[in-house]
Structures are given as structure tokens and as C-alpha cells.
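Since the structure comes first, as C-alpha cells, the remarks are kept for the end.
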Protein chains: 2
Amino acid sequence: MPVEPPHPAEDVLEHVGYRLKRAHAALRGAMDKALREHGLTVPQYACLEVLAARPGMSNADLARATFVTRQSMNVVMRGLEDAGLIDRPGTVETGRARPADLTAEGRRLLHAAQESVYAIEARMTRAVPGQRLAALLEDFDRIAQALDG
Amino acid sequence: MPVEPPHPAEDVLEHVGYRLKRAHAALRGAMDKALREHGLTVPQYACLEVLAARPGMSNADLARATFVTRQSMNVVMRGLEDAGLIDRPGTVETGRARPADLTAEGRRLLHAAQESVYAIEARMTRAVPGQRLAALLEDFDRIAQALDG
DNA sequence: TCAACTATGTCAAAGTCCTGACATTGATTA
DNA sequence: TAATCAATGTCAGGACTTTGACATAGTTGA
């Protein structure tokens, strides 16, 4: 059992950043566990999920959407491509960006994984009082915006 | 410019998990940048910060407090020890847990880093309406608790 | 007492992610 | 038109983190 904080109000463990980190760690852990049963990692799942909502996104697009670097997304996509879950043209008429899309197998696996992940989402949603959910989402956005600038 | 979502309400990018991830990514990025100027990584800073509030914590304690594995914290602490920022006895009378403490240099560096980090904390705090801050912290805890169980 | 259980520290291997760098492509501008 | 700029994909290297495993130390209960 951890020691009790001597000065709660001044303790780091009470800070916004720490709480945010804690909530994110819990989410990450739950998703890791749920996705392992489907043979997916969190970044892989995120890539499939975004790609399902926005077909034809490029590597750089997906990297921005999932908050990783282009280089990281590059290896993620190569793994997904090797596994036959996504597909993209070897060459393209104009530009360098190759639009990616889910394969039938990718769509099937995503649907299976979504059941597990959406259950986690539901646990989060139920955990916060209903009338506060919209405000919570708004606060998330405010925080992200305040720190990105 | 990213494409607009076709069905906002059903889109993943609107989900709680995605927003949480986004806010956390923004925080992580801001802290990475701020701490680099002090020669610290986020896990290293987290270790020092927790250790300042709870002197004498062991490796396993710190790992739990900062949401990483014992193994990860082990390399973090070895780095901090080599850098002369923390100190712990080579052996201990009972048990295996070696209580760690900040050195004078560690305390000095932490204080310097705290200025940068607390400025980030302040940006977050200002970004959310004052009357919502307490509810936000509470919601963070509810989410963490709902997902840890 | 002794066996089972839990907790801790550590090692090894693999995966993941990042920084830095470079070449290519398209857009912008002088 | 030509030069500059921004964006993309990719490679290389290193840093970080995790999973898995093992030995050690303390606790619990038969």
C-alpha cells in the first residue's frame, strides 16, 4: 500500500498532468490487453480504425491522426501490409503519397477488435456522470489545443 | 488539411478514448520539449518528481507511481544514479528494496525543470473553465478506476 | 517447521518509437 | 522560367519500453 501524501494540495500526484497521465495509462493498458487477443497492437488498431473512417489516407496523414511520427507509422503500415490487412498501390500517378485502404481481411479483423475496444469505451463513458461527458470531451480538446500551440 | 468526418457522432475521432489520447499526446509533446532543455526525459523527470514528494521509495514503488514496468524504471534509475541525481544504498539490512533519494544536484535540477513543467501545467489549468477543473480531475480518476479493475 | 505464495531486483531479447538525415515531389514565388 | 519552400517517404541509429524469465527475500498458512 502506497504512503499517503503529506501535502495533498501541493503534491505532484494531485496535478492535472499526473491525473491525465494516469487515465491514459489505464486506457492504454486496457486496450493493450484487449487487442492482444486479436493479435493487434494499439498503433496498429488505431491505424485500421482511422483508415476505416477515412479511406485513402497516406502514411503522413495517418501519422498525424494517431499522434506518432511518420517513421513510426511507416513500420506500422509495413506490418499491416505484410499481414494483408491494408493495401496500397506500389506507385502513384502524382505525388509520393500512396493512399491506403483496408482489405476484406483487415475489415473483418477490425470489426472483431472493435467489439473489445468499444466495450472499453463504454466502461469509460459509464464511469463519468452523463451530464458531464460533453464537457469532458470539450476539456480534452481545450487542453490539446492549449498545449499544441 | 484533413478531410472532414463523414459521420461525426459515429466517427472514432469523436470518441472519448481518442480525445484522451490526443490530450495526452499534446501533454507528452510539450513536456518532452520543455525537459529536453534540462537534459531530462519525461520518465526521468517523473521519477525525480515522485521521489521528491516521497523520499525513500524503491524501484518497484516508483514504477507503479509512474505507470511503467519495474524493468523500465530500473534503467531510468540507473541513468539517474550514473548522472548523480539520485542515490541509494548498495545493500540493505532487510528485503531487497533499496530506498532511493535525491542528491543535492538532483534536487537542483528538479527545481529548474519544475519551472518549465509547471508552466505547462498552468497552461492546461487556464485552458479549462475554473468551475470545471475539480470535475475534470474527478473524471480522470473515475476513468482510471473503471479501466484498472 | 516447512511449503506455497507474493514481492522485488535483474537479465535478455524483442518490439516500438524517436531524432536526424536525405532524396523526391509538388507548390510558391521572384 | 527558375529558385525556393513545404511536404512526403524512407533509411540509419539510438533510446526507451515491454514481455518473459529467473533468483532472492519475506510472508502466510497448513
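Treat the numbers as computed from the prediction; the structure is a model and nothing was measured. In what follows, every chain begins at residue 1, and chains take the letters A, B, ... in the order their sequences are listed.
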| query | Of the options A/E49, A/H38, A/E121, which is the one that meets A/Q114 in a side-chain hydrogen bond (donor to acceptor under 3.5 Å, both in side chains)? | reply | A/E49
Write down the distance between [atom1] ([X]) and [atom2] ([N]), rounded to a whole number of angstrom.
X	N	atom1	atom2	answer
A/L80	C/dG15	CG	P	15 Å
B/F67	D/dT18	CZ	P	12 Å
A/D32	C/dG15	CG	P	16 Å
B/R98	C/dG9	CZ	C1'	8 Å
A/M31	C/dT16	CE	C1'	16 Å
B/E93	D/dT24	CD	P	20 Å
B/N59	C/dC11	CG	C1'	13 Å
A/L35	C/dG15	CG	P	18 Å

| said: Return whichever of A/V75 or B/R88 has its heavy-atom-nearest nucleotide of DNA chain C closer to the 5' end. | reply: B/R88
| Pick the nucleotide of DNA chain C nearest each of B/A97 and A/Q44; which residue has the one closer to the 5' end? | B/A97
| query | Between the base of D/dG13 and the side chain of A/Q71, is there any donor-acceptor pair under 3.5 Å? | reply | no
| task | Classify the side chain of A/R96 and the base of D/dT8 as holding, or not holding, a donor-acceptor pair under 3.5 Å. | result | yes
| request: Mark yes or no for whether A/T66, through its side chain, and A/L62, through its backbone, hold a donor-acceptor pair below 3.5 Å. | output: yes
| said: Between A/R70 (side chain only) and A/A60 (backbone N and O only), is there a donor and an acceptor less than 3.5 Å apart? | reply: no
Among [options], the nucleotide that comes nearest once only the side chain of [X] is considered:
X	options	value
A/S72	D/dT10, C/dT8, C/dC17	C/dC17
A/R78	C/dT10, D/dG9, D/dC11	D/dC11
A/R64	D/dT8, C/dT10, C/dT19	D/dT8
B/A60	D/dT18, D/dC16, C/dG9	C/dG9
B/S58	D/dT10, C/dG9, D/dT17	C/dG9

| message | For a quick check of understanding: with a heavy-atom distance under 4.0 Å over all strands, which category does B/R28 fall into, base, sugar-phosphate or nothing? | response | nothing
| message | Over all strands shown, is B/V76 touching base, sugar-phosphate only, or nothing at heavy-atom distances under 4.0 angstrom? | response | sugar-phosphate
Considering just the side-chain nitrogens and oxygens of [X], establish if one lies under 4.0 Å of OP1 or OP2 belonging to [N].
X	N	value
B/T41	D/dA15	no
A/R70	D/dA7	no
B/N74	C/dT10	yes

| request: Look at B/R36 together with B/D32 and state whether they make a salt bridge at an N to O cut-off of under 4.0 Å. | output: no
| request: Look at A/D101 together with A/R88 and state whether they make a salt bridge at an N to O cut-off of under 4.0 Å. | output: no
| query | What pair of heavy atoms forms the shortest contact from A/V92 to A/P99, and how long is it? | reply | CG2-CD, 4.5 Å
